Amino acid sequence: MSETSDITAEHSQAAAQMEADVGVEHIADVYAKALLDTTERTGQTAAVLEEFDAVVADVLDRYPKLEDVLDSGLVLPEEKSDLIERVFHGRLSPVLVNFLKVVARHGRLDCLRAIHCQAHAMFDRLRRRVPVTLTTAVPIDAAMVRQIAEGLGGRLEGEPIIEQQVDPSLIGGAVLRVGDIIYDGSIANQLQKLRQQMSDRSTHEIQSRRDRFRNPAGN
């Protein structure tokens with residue numbers, strides 16, 4: 001009974017987390033669209049997103065206690081809005097300061113990182129920019145990255161924006177991820193495919209011999 005209760009509780013927690021994630025994603029989508037609707041009309045989107053990047057990297061990442069205050073449900077929305085005015089006035093563009101204050105007054109600063117990510121994703125789609133993750137066994141130079149980007153340019157419906165990662169376990173080669181599609185050219189992956197092919201062939205031959213033994217020709 002106790003084990004069943006634990007499993008039920010675990011599933012309930014997972015379901016609640018999934019619902020929360022879906023809720024945050026929807027909220028982020030709404031606010032990111034509102035921000036880009038404003039900045040696109042004035043041609044400020046790229047500049048405002050750079051400022052938004054700085055807010056996340058230089059403020060939220062470096063001062064987690066401040067982020068805790070902004071996220072807290074114990075702090076009144078008006079107090080958060082006033083805090084944003086004091087911290088960012090004169091340091092950020094008025095459009096971003098006003099946007100952050102709107103998010104604060106609606107009690108959604110806990111979704112700020114998700115809004116930031118979604119705003120970038122929307123901007124990439126508007127500019128036909130395609131995020132690509134390039135994972136290699138060792139770091140590669142900028143010239144090689146440009147060469148890969150040029151090769152992808154003719155295959156993708158947009159401009160590839162490459163993010164580099166290093167994974168020594170690849171042994172060699174590279175793995176490209178475009179959305180949900182993975183293009184794997186690593187030696188490790190090729191060896192794995194070869195081993196699988198050899199295993200499949202051996203299994204097929206063994207099965208064929210068993211079939212011939214059980215069903216001799218002509219009988």
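Just so we're clear, the structure is a prediction, and the values are computed from it rather than from any experiment. Index from 1, following the sequence.
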Enquirer: Could you tell me the separation between the CG atom of Asp29 and the SG atom of Cys111, rounded to the nearest 0.5 Å?
Expert: 12.0 Å
Enquirer: Distance-only, no hydrogens or angles: does the Asn98 side chain make a donor-acceptor pair with backbone N or O of Pro94 under 3.5 Å?
Expert: yes
Enquirer: Supply the atom-to-atom distance Arg113 CZ to Leu60 CG, rounded to the nearest 0.5 angstrom.
Expert: 5.0 Å
Enquirer: Spell out, as yes or no, whether a donor-acceptor pair under 3.5 Å connects the side chain of Glu51 to the backbone of Ser93.
Expert: yes
Enquirer: Rounded to the nearest 0.5 Å, what separates atom CG in Asp167 from atom OG1 in Thr136?
Expert: 9.0 Å
Enquirer: Could you tell me whether the side chain of Val138 reaches within less than 4.5 Å of the side chain of Pro168, counting heavy atoms only?
Expert: no
Enquirer: Do Val95 and Thr42 make a side-chain contact, defined as non-hydrogen atoms from C-beta onward lying under 4.5 Å apart?
Expert: no
Enquirer: Inspect the surroundings of CD in Gln147 and state if more than 12 heavy atoms from other residues, nucleotides or ligands are less than 6.0 Å away.
Expert: no
Enquirer: What distance separates Arg177 CZ from Ile162 CD1, expressed to the nearest 0.5 Å?
Expert: 15.5 Å
Enquirer: Taking only Lys NZ, Arg NE, NH1 and NH2, and the carboxylate oxygens of Asp or Glu, determine whether Lys33 and Asp37 approach each other closer than 4.0 Å.
Expert: yes
Enquirer: Please name the pair of heavy atoms, one in Ala32 and one in Ala119, separated by the smallest distance, quoted to 0.1 Å.
Expert: CB-N, 3.6 Å
Enquirer: Check for a donor-acceptor pair, side chain of Ser81 on one end and backbone N or O of Pro77 on the other, with a separation under 3.5 Å.
Expert: no
Enquirer: Please determine whether residues Leu76 and Leu83 belong to a single hydrophobic cluster, defined as Ile, Leu, Val, Met, Phe, Trp and Tyr linked transitively by side-chain heavy-atom distances below 4.5 Å.
Expert: no
Enquirer: Would Val132 and Ile161 count as a side chain to side chain contact (heavy atoms under 4.5 Å, CB included) here? Give the steps.
Expert: CA-CA 6 Å; Val132 176; Ile161 305 299; over 6 Å; no
Enquirer: Between Thr133 and Val178, does the side chain to side chain contact (heavy atoms under 4.5 Å, CB included) criterion hold? Intermediate values first, please.
Expert: CA-CA 7 Å; Thr133 302; Val178 183; over 6 Å; no
Enquirer: Quick one: does Phe123's side chain get under 4.5 Å of Arg129's, heavy atoms only?
Expert: yes
Enquirer: Could you walk me through whether Thr135 and Val166 pass the side chain to side chain contact (heavy atoms under 4.5 Å, CB included) test, one step at a time?
Expert: CA-CA 5 Å; Thr135 306; Val166 175; over 6 Å; no
Enquirer: Do Leu176 and Ile148 come close enough that some side-chain heavy atom pair is under 4.5 Å?
Expert: yes
Enquirer: When you group the ILVMFWY residues by side-chain heavy-atom contacts below 4.5 Å and let the links chain together, are Val30 and Val103 in the same group?
Expert: no
Enquirer: Under a 4.0 Å threshold between the charged nitrogen and the carboxylate oxygen, would Lys101 count as salt-bridged to Glu79?
Expert: no
Enquirer: To the nearest 0.5 angstrom, please state how far the NZ atom of Lys65 sits from the OG atom of Ser72.
Expert: 14.5 Å
Enquirer: With a 4.5 Å limit on heavy-atom distance, are the side chains of Glu85 and Val97 in contact?
Expert: yes
Enquirer: Has His106 got a side-chain atom pairing as donor or acceptor with Val102's backbone, closer than 3.5 angstrom?
Expert: yes
Enquirer: In Å, rounded to the nearest 0.5 Å, how long is the span from OG1 of Thr39 to CG of Leu96?
Expert: 10.0 Å
Enquirer: Would you call Arg91-Asp58 a salt bridge at under 4.0 Å N-O?
Expert: no
Enquirer: Are Gln165 and Leu134 side-chain neighbours, meaning at least one heavy-atom pair lies under 4.5 Å?
Expert: no
Enquirer: Between Lys80 and Leu70, is there a donor-acceptor pair closer than 3.5 Å when you use the side chain of the first and the backbone of the second?
Expert: yes
Enquirer: Would you say Leu49 and His116 make side-chain contact, with heavy atoms under 4.5 Å?
Expert: no
Enquirer: Kindly indicate whether the side chain of Phe52, heavy atoms from C-beta on, has any atom under 4.5 Å from the side chain of Leu92.
Expert: no
